[in-house]
Amino acid sequence: MSEHTQPRPTPPAAPQLPKKPFAWERLAVTVLMIGGLVWSGVETQVNVGQFVANFGQFTQILAEMCRPDWSYVSYVVAPLIETIKMAVIGTAIGAGIAFPYAFLVSRNVVTNRFVTGLFRFILNIIRTIPDLLLAALFVAVVGIGPVAGIITLAIFTFGMVGKLFFEAVETIDEGPIEALRAAGANQWEIVRYAVVPQVMGFFVSYTLYAFEINVRASTVLGYVGAGGIGVFLQQNLGQFRYDRVSLMVLVIFAVVLVIDYVSSKTREALL
């Protein structure tokens with residue numbers, strides 16, 4: 001072999017495909033899933049035969065709902081507007097409180113772990129309380145009406161937006177924060193000039209998302225007396241007026257579609 005002959009390069013190793021799970025692993029997972037399904041059905045006393053036997057009642061209710069009572073529209077408009085007002089006010093209050101609160105639980109803004117841990121603990125407690133339970137409690141405190149629903153939606157929005165917002169704050173670029181700290185800026189200046197500009201779009205997006213959810217939630221809150229169109233839904237279901245129920249469902253569906261479309265376009269423009 002000549003001295004100037006170069007050795008051939010070693011070809012790259014073929015990529016290793018991930019190993020497929022063994023057949024017994026798939027079998028074990030399948031058995032566990034089927035066993036869990038059967039156990040859940042037994043514990044909850046699911047009776048498929050009874051469902052099939054009463055299927056005629058479902059078709060009868062569906063047939064009645066296919067004939068909406070259009071003359072009831074004039075009675076639906078006012079409670080529907082009240083429902084939207086509840087969602088708007090509750091979202092504004094909850095998001096307004098969640099905005100400054102989120103900075104207190106963000107570890108890249110507040111470096112004291114005891115403070116952030118305490119405020120996170122309070123936020124987690126609020127998030128674990130169901131909105132229907134909150135509505136029932138506030139109905140007992142302030143009485144039946146939209147005020148109880150507004151307070152409930154405000155607390156619900158605070159828990160949800162606060163959680164989403166502080167997670168957004170903790171994922172921002174740390175460069176502007178470090179630059180301001182090196183320049184001797186105080187905590188308020190860091191938040192104002194380094195944090196808020198990076199997360200303001202996310203905050204508005206999360207607030208609009210919460211508003212979409214609150215429009216639907218405020219409909220359900222009426223079942224416990226928290227005002228809005230849910231009260232009329234409960235009354236008509238109790239009177240078996242499924243023609244009026246279907247009308248309210250159609251109206252709510254149309255309003256939710258419009259709100260979802262507008263909110264989605266607004267979020268796309270912001271992000």
Side-chain angles (χ1 to χ4, degrees), residues 11-66 98 102 105-107 117 120-136 152-153 155-171 202 205-206 208-224 230 233-234 237 242 245-246 249-250 252-254 256-257 259-261 263-264 267-268 271:
Q16 297 292 329
L17 297 176
K19 294 183 179 180
K20 296 182 179 180
F22 295 107
W24 65 267
E25 293 179 351
R26 296 180 179 178
L27 179 62
V29 171
T30 304
V31 171
L32 285 175
M33 293 179 64
I34 296 175
L37 178 63
V38 173
W39 176 76
S40 300
V42 172
E43 289 295 321
T44 54
Q45 299 179 357
V46 174
N47 192 335
V48 180
Q50 185 178 4
F51 173 77
V52 175
N54 296 332
F55 192 76
Q57 297 181 9
F58 171 76
T59 56
Q60 181 181 356
I61 293 174
L62 185 62
E64 294 181 14
M65 294 185 69
C66 289
V105 296
S106 302
R107 293 190 175 126
R120 285 193 185 196
F121 178 73
I122 296 173
L123 182 63
N124 289 332
I125 291 178
I126 293 175
R127 291 178 59 248
T128 56
I129 304 176
D131 51 354
L132 283 176
L133 177 58
L134 286 173
T152 301
L153 292 176
I155 295 176
F156 173 75
T157 303
F158 168 74
M160 179 177 63
V161 175
K163 169 73 172 177
L164 295 173
F165 191 47
F166 93 75
E167 289 180 348
V169 173
E170 289 191 337
T171 58
F202 291 101
S205 176
Y206 295 148
L208 291 173
Y209 176 66
F211 175 65
E212 297 175 19
I213 297 177
N214 286 341
V215 172
R216 304 181 185 93
S218 56
T219 303
V220 181
L221 296 181
Y223 277 83
V224 293
L233 273 173
Q234 182 190 33
L237 281 173
Y242 298 110
V245 171
S246 64
V249 170
L250 289 174
I252 294 170
F253 178 70
V256 169
L257 278 182
I259 292 174
D260 284 352
Y261 177 79
S263 299
S264 299
R267 287 200 304 270
E268 289 176 4
L271 299 178

Q: Which heavy atom of Arg127 sits nearest a heavy atom of Lys163, and at what distance?
A: NE-CB, 3.7 Å
Q: In Å and rounded to the nearest 0.5 Å, what is the CD to CD1 distance from Glu212 to Ile259?
A: 8.0 Å
Q: With side chains defined as the heavy atoms from C-beta onward, is the minimum distance between Ile129 and Ile155 less than 4.5 Å?
A: no
Q: So, taking the atom named CG in Leu123 and the one named CE in Met160, what distance separates them when rounded to the nearest 0.5 Å?
A: 12.0 Å
Q: If you look at every heavy atom in Thr152 and Ala135, which pair is closest and at what distance?
A: OG1-CA, 3.2 Å
Q: CD1 of Ile126 to CZ of Phe156: how many Å apart, nearest 0.5 Å?
A: 13.0 Å
Q: Within this structure, what is the CG-CD1 distance for the pair Leu257 and Ile252, rounded to the nearest 0.5 Å?
A: 12.0 Å
Q: Supply the atom-to-atom distance Leu27 CG to Leu32 CG, rounded to the nearest 0.5 angstrom.
A: 9.5 Å
Q: Which heavy-atom pair separates Phe166 from Ala102 by the least distance, and what is that distance?
A: CB-O, 3.5 Å
Q: Between Ala98 and Gly162, what is the shortest heavy-atom contact and its length?
A: CB-N, 3.7 Å
Q: For the CD1 atom of Ile213 and the OG1 atom of Thr157, what is their distance to the nearest 0.5 Å?
A: 8.5 Å
Q: Do you know the tightest heavy-atom contact between Leu221 and Leu153?
A: CD1-CD2, 3.7 Å
Q: Take Thr219 and Val256 through the side-chain contact (heavy atoms from CB on, under 4.5 Å) test and state the conclusion after the steps.
A: CA-CA 11 Å; Thr219 303; Val256 169; over 6 Å; no
Q: Give the minimum heavy-atom separation between Ser40 and Thr44, together with the two atoms involved.
A: O-OG1, 2.6 Å
